[in-house]
Amino acid sequence: MHYIRFLKSPRFVGSGNEKALVAKITVTTDLGESFLAADVGISVDVVAEDGESIIGPGREYVWKGRDGMRSLEVSLLMKKVRKVARIKMVVAAKGDAYVDRFEKVLGIGERGAKNEGGIVTVKSVEIDSSSGHSLGAGLAERVFSSDDRSDPREIHIWEETGESIARHVWDAGLVLSSYIATPRHLKTSPLPRLPLLETSLSQPKLNILELGAGCGIVSITLLHTLSTLSQILLTDLPEASAILTHNLSPAILHHTPSKISHQVLDWSLPLPSNVAATKWDLVFVADCTYNPDVVPDLVATLGRIVEGNGQARVVVAMKLRHESEMVFFGLMEEAGFVVKEKGAVPLPVLCGEDEEIEIFVFGLGGKG
Ligand SMILES: C[S@@+](CC[C@H](N)C(=O)[O-])C[C@H]1O[C@@H](n2cnc3c(N)ncnc32)[C@H](O)[C@@H]1O
């Protein structure tokens with residue numbers, strides 16, 4: 001998957017008829033280690049607070065990845081923008097590649113077109129159209145909705161625009177969220193069937209814990225998807241606390257926040273007492289197994305969380321980037337976990353080697 005990112009958030013330059021909204025974007029993978037190597041049309045639009053375009057057709061650019069492009073400056077003349085108090089810049093891929101729906105992440109509903117890999121749309125923070133002030137510097141938004149018009153779910157995930165690992169969306173989190181949010185009947189081949197995961201998610205009054213939640217995409221999707229929940233607790237290192245507070249605020253969540261909360265949980269430290277005292281039904285871990293140095297702490301933490309709870313399920317989504325990550329499985333086995341179910345979701349990459357996100361459902365050894 002590729003993601004459009006703001007290298008420089010939109011800002012006004014010039015004045016009078018020449019006043020323009022200018023930004024610098026790039027198109028990279030989640031790791032940010034490579035830039036999109038394909039030539040792709042990019043549309044730049046300005047929308048009002050309600051999401052409606054206020055510029056007519058947006059301006060079009062070409063991302064010249066084949067020439068090794070690494071960044072692209074985009075601009076829109078403000079005289080073409082209908083006057084409203086607050087505006088946002090939206091940058092999306094044109095054609096089949098744009099991704100703003102969970103079904104597109106999974107390659108569903110493309111009317112027979114081959115899924116060659118997607119590019120996730122980005123939205124800027126709101127900008128006061130008179131003063132040019134950004135309302136929330138250093139942030140950008142990803143919005144995911146559903147193909148189904150009767151499905152009102154819209155999931156808003158804010159990221160930080162810097163390079164922090166904790167504070168943007170990762171492929172495994174995005175794919176796991178897409179898998180959870182997509183109705184069972186749409187998950188046809190080549191998507192895996194994960195009946196144990198589906199059954200576990202359909203249980204009433206679930207207590208759900210997420211480790212290494214980052215921006216919170218997995219738990220926020222669960223909140224919007226599951227109708228009967230007891231609580232969801234998102235955890236991560238302290239550096240993720242600010243973005244999680246933002247993403248779980250009532251204004252962003254569009255949901256009563258009473259069932260969802262976050263707190264710091266560092267795998268290298270003892271469990272917080274409230275976490276240790278709760279019987280968790282499901283523990284989610286997305287894209288957290290990439291660093292073999294911290295995997296022993298992660299596995300030890302999982303062991304403490306499910307200790308004595310044979311019914312608990314640990315759902316792990318991962319993109320195997322390096323063989324050294326396999327250490328996770330050996331450690332899980334030593335800690336008494338067994339794989340109850342697994343499946344791989346294909347993740348084609350534009351102009352790159354196809355990837356996949358593997359989803360594992362672990363439980364403690366023995367039956368059940
Ligand atoms: C690659 S990000 C994945 C974020 C999110 N799950 C997603 O898929 O978008 C890995 C996450 O693990 C967290 N993490 C790394 N080491 C940790 C530790 N020792 N304790 C708790 N969280 C940790 C990072 O802060 C980061 O948010």
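First listed ligand is number 1; within each ligand, the first listed atom is number 1.
- Judged by the 6.0 Å distance and 45° axis criteria, K19 is positioned over the aromatic ring of F12.
- Counting protein heavy atoms only, atom 10 (C) of ligand 1 is closest to D287 O, 3.5 Å.
- Of all the heavy atoms of A213, the ones lying under 4.0 Å from any atom of ligand 1 belong exclusively to the backbone.
- Remark: ligand 1 and G212 share an N or O pair separated by less than 3.5 Å (distance only, no angle test).
- Using cut-offs of 30° and 60° for the angle between ring planes, the F337 and F362 rings count as perpendicular.
- Here's the thing with W170: one of its N/O atoms is less than 3.5 angstrom from an N/O atom of ligand 1.
- Using 4.0 Å as the threshold, D266 has a heavy atom nearer than that to some atom of ligand 1.
- Checked by atom type and distance alone, the side chain of E160 never pairs as donor or acceptor with a backbone atom of L139 at under 3.5 Å.
- Put simply, the residue from R167, K123, R142 that forms a salt bridge (Lys or Arg N to Asp or Glu O under 4.0 Å) with E159 is R142.
- Polar contact check, W267 against ligand 1: a nitrogen or oxygen pair lies under 3.5 Å apart.
- Checked by distance only, ligand 1 and V169 stay at 3.5 Å or farther apart across all their nitrogen or oxygen atoms.
- Counting atoms of ligand 1 from 1 in the listed order, those under 4.0 Å from a heavy atom of A286 are 3 (C), 5 (C), 6 (N), 8 (O).
- For ligand 1, the atoms closer than 4.0 angstrom to any heavy atom of G173 are 8 (O).
- With a 4.0 Å cut-off on non-hydrogen atoms, L265 touches ligand 1 through its backbone and not its side chain.
- Ring geometry for H246 versus W158: interplanar angle over 60°, hence perpendicular rather than tilted (30 to 60°).
- Using a cut-off of 4.0 Å between Lys/Arg side-chain N and Asp/Glu carboxylate O, E358 and K342 are scored as not salt-bridged.
- Cluster membership for M78 and V47, using ILVMFWY side-chain heavy atoms within less than 4.5 angstrom, is not shared.
- Close approach to Y290 involves these atoms of ligand 1, each under 4.0 Å from a residue heavy atom: 1 (C), 10 (C).
- Under a 4.0 angstrom heavy-atom cut-off, D171 registers as lying outside contact with ligand 1.
- Under the 6.0 Å distance and 45° angle rule, K187 counts as a cation-pi partner of Y179.
- Taking any N or O of D236, backbone or side chain, at least one lies under 3.5 Å from an N or O belonging to ligand 1.
- For the residue pair D354 and P348, the shortest heavy atom distance occurs at OD1-CA, 3.7 Å.
- Residue C288 places a heavy atom less than 4.0 Å from ligand 1.
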